[in-house]
Amino acid sequence: MHHAGKKTPVHCEEVFEDGVTAFEDGHFEQAAEYFESCQEETHDPEETHWYLTQCYLSLTQASLDRNEEPAAAAWLEKALILNPDFPYLHVVAAHLYRRLKRPAIANRHLTRAIELDPDNAEAQALSVDKDFVAELLS
């Protein structure tokens, strides 16, 4: 969908489509590079931000799967910059910073997730997790 009266460079449309293809093929780092290269010039910056967030989340999870927590934190911070009001990202951050033994940061993200979505079941469950609460208090 093109916005009326707004000329979008064909190059950025092609880059966006290349990003979608890379994303669908599971090449998230490559897809992120495409989306980052002209995220504001595409036909729909919000859609580009959605794809970028999903790429960053996938890269966060892949890093966690390899026990590369610092890399995971870097990818997750990129997602949070794009979508600071997305509760799920804060829940993921709470888990990640718990794993990194950074309880104050974990608690800040958990609190933010609950502020953004008081009914978020995962955030609520984490907030009453005895082990998590004990870590916050230690």
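The first residue of the sequence shown is numbered 1, and numbering continues consecutively from there. What's counted below: heavy atoms across the whole structure, side chains too, no hydrogens, waters or symmetry copies.
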By side chain to side chain contact (heavy atoms under 4.5 Å, CB included), A72 pairs with (sequence neighbours left out) T60, S63, L64, L96
Donor + acceptor pair across side chains of Q124, N120 (<3.5 Å): no
By side chain to side chain contact (heavy atoms under 4.5 Å, CB included), A22 pairs with (sequence neighbours left out) H27, Q30, A31, Y34
Sorted by chain and residue number, the side chain to side chain contact (heavy atoms under 4.5 Å, CB included) partners of T111 (sequence neighbours excluded) come out as N107, E115
Check your understanding: side-chain contact (heavy atoms from CB on, under 4.5 Å) between R99 and N67: does it pass, once the steps are laid out?
Key -> CA-CA 10 Å; R99 205 164 143 173; N67 294 314; 3.0 Å; yes
Please lay out, stage by stage, how C38 and F16 fare under the test side-chain contact (heavy atoms from CB on, under 4.5 Å). CA-CA 8 Å; C38 60; F16 178 83; 6.0 Å; no
**Prompt:** Linking I/L/V/M/F/W/Y whenever their side-chain heavy atoms sit closer than 4.5 Å, directly or via other members, would L126 and F86 fall into one cluster?
**Reply:** no
Next on the checklist: Using side-chain contact (heavy atoms from CB on, under 4.5 Å), reason through Y56 and L76 one step at a time and then give a plain yes or no.
Outcome noted: CA-CA 6 Å; Y56 295 151; L76 187 56; over 6 Å; no
Is there side-chain contact between W50 and D44, with at least one heavy-atom pair below 4.5 Å? no
To the nearest 0.5 Å, atom NE2 of H90 lies from atom CD of E122 at 13.5 Å
Q: Take the angle between the ring planes of F35 and Y51 and call it parallel below 30°, perpendicular above 60°, tilted in between.
A: parallel
(Q) So does D85 get a backbone contact from the side chain of N83, meaning a donor-acceptor N/O pair under 3.5 Å? (A) no
Contacts of D25 meeting side chain to side chain donor-acceptor pair (under 3.5 Å) (sequence neighbours excluded), chain-then-number -> none
Tracing side-chain contacts under 4.5 Å among Ile, Leu, Val, Met, Phe, Trp and Tyr outward from V128 reaches none
Side chain to side chain contact (heavy atoms under 4.5 Å, CB included) filter on E77, not counting sequence neighbours, yields L80, Y97, H109
Under a 4.5 Å cut-off applied to non-hydrogen side-chain atoms, are W75 and L57 in contact? no
